[in-house]
Amino acid sequence: MKDTVTQLLESALATLQSEGILPTNQSFTPNVGNTKDKAHGDYASNIALIAAKAAGCAPRQLAETLISRLPASGAVDKIEIAGPGFINFFMSTASSFEVVNDILARAEQYGRNNFGNGASVQIEFVSANPTGPLHVGHGRGAAIGDCLSRLLEANGYNVTREFYYNDAGVQIKNLALSVQARAKGLTPNDEKWPKDGYRGDYIDDVAQAYLAKETVTADDREVTAVGDADDLDALQAFAVAYLRREQDLDLKAFGVEFDVYFLESSLYDSGKVEETVNRLIANGYTYEQDGALWLKTTAFGDDKDRVMRKTDGGYTYFLPDVAYHQNKWERGFNTVINEQGADHHSTVTRVRAGLQALNEGIPKGWPDYVLHQMVMVTRSGEEVKLSKRAGSYVTLRDLIDEVGCDATRFFLAARRVDSQLTFDIDLARSQTNENPVYYIQYAHARICSVLRKLSESGIERGFQECVGDLSLLTLDEEKDLANQLAQYPELIRNAANLREPHHLTHYLRELAGHFHTYYNAHKVLIDDTALRDARISLYLAVRQVLANGLDLLGVSAPKEM
RNA sequence: GCGCCCGUAGCUCAGCUGGAUAGAGCAACGGCCUUCUAAGCCGUGGGUCGCAGGUUCAAGUCCUGCCGGGCGCACCA
């Protein structure tokens with residue numbers, strides 16, 4: 001519909017150029033927007049204001065000339081010039097409802113496109129180290145990363161979901177020492193408890209499972225415990241597997257699956273880290289100082305140089321990060337998105353700088369980052385900081401257990417990534433219209449309920465069956481709904497291109513709102529069967545779009561509530 | 001001190017690439033269930049878009065400075 005208007009304007013602009021009214025040495029692209037106010041029609045363009053200078057006349061005058069050159073179209077009812085020179089398009093009622101047929105014909109495909117043309121995109125998200133249960137922040141990353149993945153898939157991209165984690169390093173040592181301490185009967189308050197040890201109750205679970213010689217199977221590994229509390233290597237291997245499995249269970253409960261688990265240790269095993277260092281040295285971007293090896297990241301916009309190899313000979317996390325991203329590049333991903341907490345923001349410049357120093361033709365701004373801000377959890381207006389199991393933070397599992405997967409996903413994806421998020425447990429649990437998840441799901445369930453009612457009277461209607469004469473739909477509420485349904489495909493494009501999944505939640509809230517208004521104002525199961533069928537067709541279209549949108553969020557669309 | 005993010009109604013937040021009188025929900029107040037799920041709907045009130053400049057025909061949106069909050073500034077990830 002909007003495309004139609006754009007095409008009409010493009011045609012008129014071309015005519016004006018050929019007539020010499022507009023210069024041919026610059027191009028004019030009509031910007032067609034949705035109107036906020038119905039008095040401004042269905043669509044509006046500001047092209048006359050933009051092009052007025054080039055045309056050398058007043059915007060309103062240009063608008064008038066432009067309109068006179070517009071090709072005739074049955075879809076447009078009326079065109080007006082308003083304000084400083086906006087061109088407002090009023091679409092015909094009949095054309096507004098074409099979208100209903102379109103939706104029912106395309107069903108779950110409605111809103112999807114092939115914009116990406118099968119191009120590969122890799123999204124790395126969550127990437128929690130196996131040192132404890134996932135926390136709320138990981139949950140936000142999981143909700144955003146997975147929704148973004150689904151959005152990109154809906155736009156025709158081939159998405160690889162990847163989870164990167166460190167299974168060696170200092171923190172894993174701390175983990176092993178903590179489990180060992182528990183296995184030897186120590187508790188976090190004992191004097192001999194390891195410094196920087198992990199204090200959560202779950203450490204004791206790991207220790208007990210280790211002593212019981214359990215076997216754990218995670219998505220990417222299986223380990224049987226040795227049971228010897230003095231064997232630190234065995235303790236470490238078991239602890240990593242145990243906590244990996246735990247995270248897998250959390251993710252499964254959250255409805256998130258990964259295609260690839262990538263281990264930091266594999267970069268060492270394969271010699272990739274060594275190779276990367278050598279490359280950086282050979283390119284002349286390194287120097288020795290204070291017994292450490294530094295990379296001149298300041299040559300690429302960092303505010304200070306960074307240590308790559310520590311005085312003890314070990315590497316900092318930064319180097320494997322560079323090696324890892326080099327590996328991503330070598331795997332052929334032109335588009336890579338890293339979804340991370342904003343507390344890791346400082347790695348962005350460093351990783352990009354390291355990749356530039358490799359001199360491999362990797363683009364400057366590669367890879368992309370989506371950084372989400374912190375999450376605060378509240379209950380009864382008070383901040384919740386602790387969970388018994390993890391000790392110092394609220395776990396994702398706590399939320400899923402308490403408010404359910406649907407509400408957790410929705411709430412964690414519902415805010416712009418760069419604003420801090422307050423997760424209100426009471427709100428997420430509430431079953432009233434103040435809870436957007438239930439509000440949207442209820443709209444879907446209501447439509448299903450009406451259809452059940454209809455079938456009780458002997459009339460079965462398939463999910464995609466449009467038997468109604470749409471020209472019978474004349475109400476404002478009906479046109480509002482149709483217009484909003486028509487905006488869905490554009491929303492899917494924008495949300496993916498901007499990497500802003502929260503738009504989807506707002507759209508669905510609004511669509512559900514329009515539906516509830518309509519539902520309450522006008523009965524659908526009425527004696528006038530022709531009008532009834534037309535309305536049922538619109539209902540079916542609304543249900544389809546609600547279902548499609550919820551699916552992209554990973555939230556269920558219940559048939560009854 | 002330096003870097004990044006945020007600052008919109010009492011509260012929680014939208015506002016897409018600058019566009020026409022700034023929008024929702026909640027909370028407050030007043031209505032609607034012999035009628036398809038009231039987990040719903042309708043109505044009313046509520047705003048110097050943190051402050052000050054600048055760019056523009058047009059600024060919540062872009063630029064600069066300041067104020068306030070968060071995060072980061074480790075040879076931790």
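- Across B:G70, B:C76, B:C16, the shortest atom-to-atom separation from the side chain of A:Gln373 is found for B:G70.
- Side chain of A:Asp418, nearest nucleotide from B:C73, B:C6, B:C76: B:C6.
- Looking only at atom types and distance, the side chain of A:Glu478 has a donor-acceptor partner in the side chain of A:Tyr518 under 3.5 Å away.
- Comparing the P positions of B:U48 and B:U8 gives an interatomic distance of 13 Å, to the nearest angstrom.
- One can find a donor-acceptor pair under 3.5 Å joining the base of B:A20 and the side-chain atoms of A:Asn88.
- Counting only distance, with no hydrogens or angles, the side chain of A:Asn435 and the backbone of A:Ser430 share a donor-acceptor pair below 3.5 Å.
- Of the P atoms belonging to B:U64 and B:G70, the separation is 24 Å, rounded to the nearest Å.
- Nearest to the side chain of A:Lys304, among B:A74, B:A38, B:A77, sits B:A74.
- Checking each of A:His444, A:His514, A:His516 against A:Tyr439 for a ring-ring contact (aromatic ring centres under 6.0 Å, His included) leaves exactly one that passes, namely A:His516.
- Counting atom types as modelled, A:Tyr438 pairs no side-chain N or O with a base atom of B:A39 as donor and acceptor under 3.5 Å.
- Residue order along RNA chain B, read from the 5' end via each residue's closest nucleotide, puts A:Asn46 first among A:Tyr519 and A:Asn46.
- Here A:His40 packs flat against the base of B:A20; its ring centre is closer than 5.5 angstrom to the base's six-membered ring, tilted by less than 30 degrees.
- For A:His516, the side-chain atoms get nearest to B:C41 when compared with the rest of B:C41, B:A39, B:C36.
- B:A24 sits 29 Å from B:C71 when the C1' atoms are compared, rounded to a whole Å.
- Rounded to a whole angstrom, the distance from the C1' atom of B:C29 to that of B:G10 is 15 Å.
- Salt bridge present: A:Arg244 and A:Asp220 bring a charged side-chain N and a carboxylate O closer than 4.0 Å.
- Residue A:Thr35 has its side chain nearest to B:A20 when only B:G70, B:A20, B:C57 are considered.
- One N or O donor and one acceptor, one from the side chain of A:Thr311 and one from the base of B:C75, sit under 3.5 Å apart.
- In this structure, the nucleotide among B:C57, B:C76, B:C4 sitting nearest to the side chain of A:His345 is B:C4.
- Below the 3.5 angstrom threshold, one finds no donor paired with an acceptor across the side chain of A:Asp303 and the base of B:G3.
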Using the 3.5 Å cut-off, write out each protein N or O paired with an N or O of nucleotides 12-15 of chain B and the distance between them.
{"unit_1": "B:U12", "atom_1": "O2'", "unit_2": "A:Arg415", "atom_2": "NH2", "d": "3.0"}
{"unit_1": "B:C13", "atom_1": "O2'", "unit_2": "A:Arg415", "atom_2": "NH1", "d": "3.4"}
{"unit_1": "B:A14", "atom_1": "OP1", "unit_2": "A:Arg416", "atom_2": "N", "d": "2.8"}
{"unit_1": "B:G15", "atom_1": "OP1", "unit_2": "A:His502", "atom_2": "NE2", "d": "2.9"}
{"unit_1": "B:G15", "atom_1": "OP1", "unit_2": "A:His503", "atom_2": "ND1", "d": "3.4"}

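- When the nucleotides B:G19, B:G72, B:C71 are ranked by their closest atom to the side chain of A:Met374, B:C71 comes out on top.
- Comparing B:C75, B:C42, B:A39 against the side chain of A:Val307 picks out B:C75 as the nearest.
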Determine all donor-acceptor pairs shorter than 3.5 Å in which one atom belongs to a side chain in residues 55-65 of chain A; sequence neighbours excluded.
{"unit_1": "A:Arg60", "atom_1": "NH1", "unit_2": "A:Gly83", "atom_2": "O", "d": "2.6"}
{"unit_1": "A:Thr65", "atom_1": "OG1", "unit_2": "A:Gln61", "atom_2": "O", "d": "2.9"}

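- For the pair A:Lys78 and A:Phe90, the cation-pi criterion (under 6.0 Å, within 45° of the ring axis) is fulfilled.
- Comparing B:U12 with B:A27, their C1' atoms sit 11 Å apart, to the nearest whole Å.
- In this model, the phosphate group of B:C42 is approached by a side-chain N or O of A:Thr517 to a distance below 4.0 Å at OP1 or OP2.
- With respect to the salt-bridge test (charged N to carboxylate O, under 4.0 angstrom), the residues A:Asp312 and A:Arg309 do not qualify.
- The aromatic ring of A:Phe86 does not stack onto the base of B:G19, failing the criterion of a centre distance under 5.5 Å from the six-membered base ring together with planes under 30° apart.
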